Amino acid sequence: MMHKVMLIDDDVPMLKVLQQMVEWESLNLHVVGSTYSSAKALLMFKETSPDIVITDIGLPKKSGIELAAIFRQMKPDIRVIFLTCHEDFHYAQQAVKLNADDYLLKDKLTAEQLEQSLKNSIRLLEKTASRLDKDVSSYNRELFKQGLIQKVIDGAPPESTVEYAAQLGISWGYPCFMMGTVNIKFSTYERLYDQSNLPLIFYAIYNIAMELSVSYEGITPFMDQEKLVVLYNYRVNLASNAYLHFQKYLQELEDRCSRFLKLQLSMVTVTDRIGLQSLGSFYHQIVQHKNEFYESNELVVKDVQLLLQHIFLPSPQGLLDPYKSDIERAILKDDTESIRNIVSTMGRNAQEKRIEPSEFVQDLLILLRSIDIMFSKWKSNEAIYSYLSFARTLEDVTELVVSKLTHITQYRQKGSGTAVKEPKLQIIQQFIDKHISENITSIDMAHYLYLNSSYFSRYFKRLTGINFTDYVHQYKMGIATKMMKTSSQTLESLAMGLGYSDRTYFSKVFKKYIGMTPSEYKTKHAVSRYAK
């Protein structure tokens, strides 16, 4: 029986790599469609109804995980294989319980691995569908749980909320609650994981929390966007200590995340007696105001009234201006110790003045961006800017800023290196120049060099510090910027000449590496020429 396969990856060359990697027909498989867009993937899924989906996790707009959940709702017996860029992903595999057939590393993917995963998916497809009802009901239960936490956050009437919870098998029979919010410490995350894996890691933490809650009466974890919310319904009883019960659960959750995922967490725990209808207002207070920012990674609130007494002050204009020249000098001297000291001083200054956390982080983002533009040769990794926005504590923010500035320092050094003198890199560059109007993949390059494609990918990244696809895109976008300044050819013609048959995809790649759309770039440089 021939099974249908759909491929999804926002990197178009990777789609070509996948299609070239195995003999699909010999496996009784037929690729019915491939796309780089999550929106197009949904339409294509409805039109083709594939049996197997191979999707990148880190897609824009909707992640591969979100797409898989939608696909499974539309077709419960769909088989899913996830792709990821992260080399240490085995940490997460111990904890993640998504109903996926495999998680494959893109940079190390071989034809043998892909073929083995596909054969496993085929075997699962050909089994009986006895588990379908269970899978669908499990998925629906998670949807209803999302509805339950939303009722709590919105402050719905307690009677209807308790009744809703009972339908899910959750008994909230006592009047008192404790609440905890659990967040990732992103300075530990960015050392190990790629940003595209973030939804999956959140899911992993939630699964650990769910598994652990079975042993702790009254505790219910919820996944709420980029955080975990834990509610503990308890009876006031002098014979037992509810606070210790809750703290023991949270401590074990933290220990397991450290052991399985190598991550640290930051938590706010409200241990005062809270009524069900009041949980929502305290939740909003914690999330919006970052009460724990200047405290520690684990803030315990024993009196809910103290939450309302946290007062932060607006950030004065130019708060970080005095530090910019010091940071620039430290980067030029490659003095990472001074960088850490300067960032620590900025943090202490903000803490002493009780600057509103979000405003302080915004000032840091502006400062980092200006330094990044000044020193970075290529468009830099945007992930840390996102992590800074999510970070909940000054300690986490400080470590992220130090990491970013240290990276800029090291990257500046590499920028003046002589890697191009490496003989094989010269050959690679010549091949790219010769085939500039083609969609070149790492498999094409590996074949030309008579190398195993997996080995070539690792070799190239070790040689240049970036993967082959990024290198080709960066090189082509450099050519595109020069041509847009000097040539009058249309954007379609330019894109075609550089191997991009789709103008939309060319514009997307251009913005990723240059920081603006082709139209914005042409307008900017037209204005510059006019001004001269």
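Since the model is a prediction, treat every value here as computed from it, not as a measurement.
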* Test side-chain contact (heavy atoms from CB on, under 4.5 Å) on K185 and T393 and set out the steps. => CA-CA 8 Å; K185 188 177 178 185; T393 67; 5.5 Å; no
Practice prompt. For the residue pair F45 and I70, establish whether any side-chain heavy-atom pair is separated by less than 4.5 Å.
Written response: no
N/O donor-acceptor pair under 3.5 Å between Y294 side chain and I355 backbone: yes
field: T188 (side chain) donor-acceptor with Q264 (main chain) under 3.5 angstrom
entry: yes
message: Check the orientation of Y471 and F460. Use parallel for under 30°, tilted for 30 to 60°, and perpendicular for over 60°.
response: perpendicular
Quick check against the 3.5 Å criterion: does D102 have a side-chain atom that pairs as donor or acceptor with the backbone of L104? no
Do E252 and K248 sit within salt-bridge range, that is, some charged N less than 4.0 Å from a carboxylate O? no
Run the numbers on L250 and E298 for side-chain contact (heavy atoms from CB on, under 4.5 Å), then give the verdict. CA-CA 10 Å; L250 293 174; E298 294 187 17; over 6 Å; no
Interatomic distance, CG@L67 vs CD1@I8, rounded to 0.5 Å, equals 5.5 Å
Exactly one of N349, L365, L319 clears side chain to side chain contact (heavy atoms under 4.5 Å, CB included) with F360, and that residue is L319
Report task. Establish, from distance only, whether the side-chain atoms of D255 and Q251 form a donor-acceptor pair under 3.5 Å. Result -> yes
Charged N to carboxylate O below 4.0 Å: is that the case for K106 and D9?
yes
Exercise. For the pair E399 and R340, find out whether any cationic side-chain nitrogen is under 4.0 Å from an anionic carboxylate oxygen.
Key: yes
Carboxylate-amine/guanidinium proximity below 4.0 Å for E115 and K119:
yes
* Heavy-atom distance under 4.5 Å between the side chains of V301 and D272, does that happen here? -> no
dist K145:NZ -> D224:CG (nearest 0.5 Å) comes out at 12.0 Å
message: Given 3.5 Å as the limit, does a donor-acceptor pair link the side chain of Y189 with the main chain of L198, or not?
response: yes
Next on the checklist: If we ignore hydrogens and angles and just use 3.5 Å, is the side chain of H245 paired with the main-chain N or O of I219 as donor and acceptor?
Outcome noted: no
Side chains of R191 and S187, donor plus acceptor under 3.5 Å: no
Please walk me through it: do F260 and N207 pass side-chain contact (heavy atoms from CB on, under 4.5 Å)? CA-CA 12 Å; F260 294 136; N207 274 309; over 6 Å; no
Point to revise | Within 6.0 angstrom of K75 NZ, more than 12 heavy atoms from elsewhere | key: yes
- [ ] State yes or no: are the ring centers of Y234 and F246 separated by less than 6.0 Å?
- [x] no
Begin from the C-alpha positions of S266 and E292 and carry the test side chain to side chain donor-acceptor pair (under 3.5 Å) through to its verdict. CA-CA 9 Å; S266 65; E292 73 272 32; 5.1 Å; no
Is it the case that the side chain of Y232 and the backbone of E217 share a donor-acceptor pair, with hydrogens and angles ignored and the cut-off at 3.5 Å?
no
Look at the side chain of K290 and the backbone N and O of A391, then say whether any donor-acceptor pair between them is shorter than 3.5 Å.
yes
For Y513 and Y475, indicate whether the former's side chain and the latter's backbone hold a donor-acceptor pair under 3.5 Å. no
L368 and Y385 have their tightest heavy-atom pair at O-OH, 3.5 Å
Please check if the number of heavy atoms outside Q19 that lie under 6.0 Å from its CD is greater than 12. yes
Does a side chain donor of either S386 or Q195 reach within less than 3.5 Å of an acceptor in the other side chain? yes
Measure from the side-chain N and O atoms of N197 to the backbone N and O of L200, and report whether any donor-acceptor pair falls under 3.5 Å. no
| query | Okay, side chain of S63, backbone of E66: is any donor-acceptor separation there less than 3.5 Å? | reply | yes
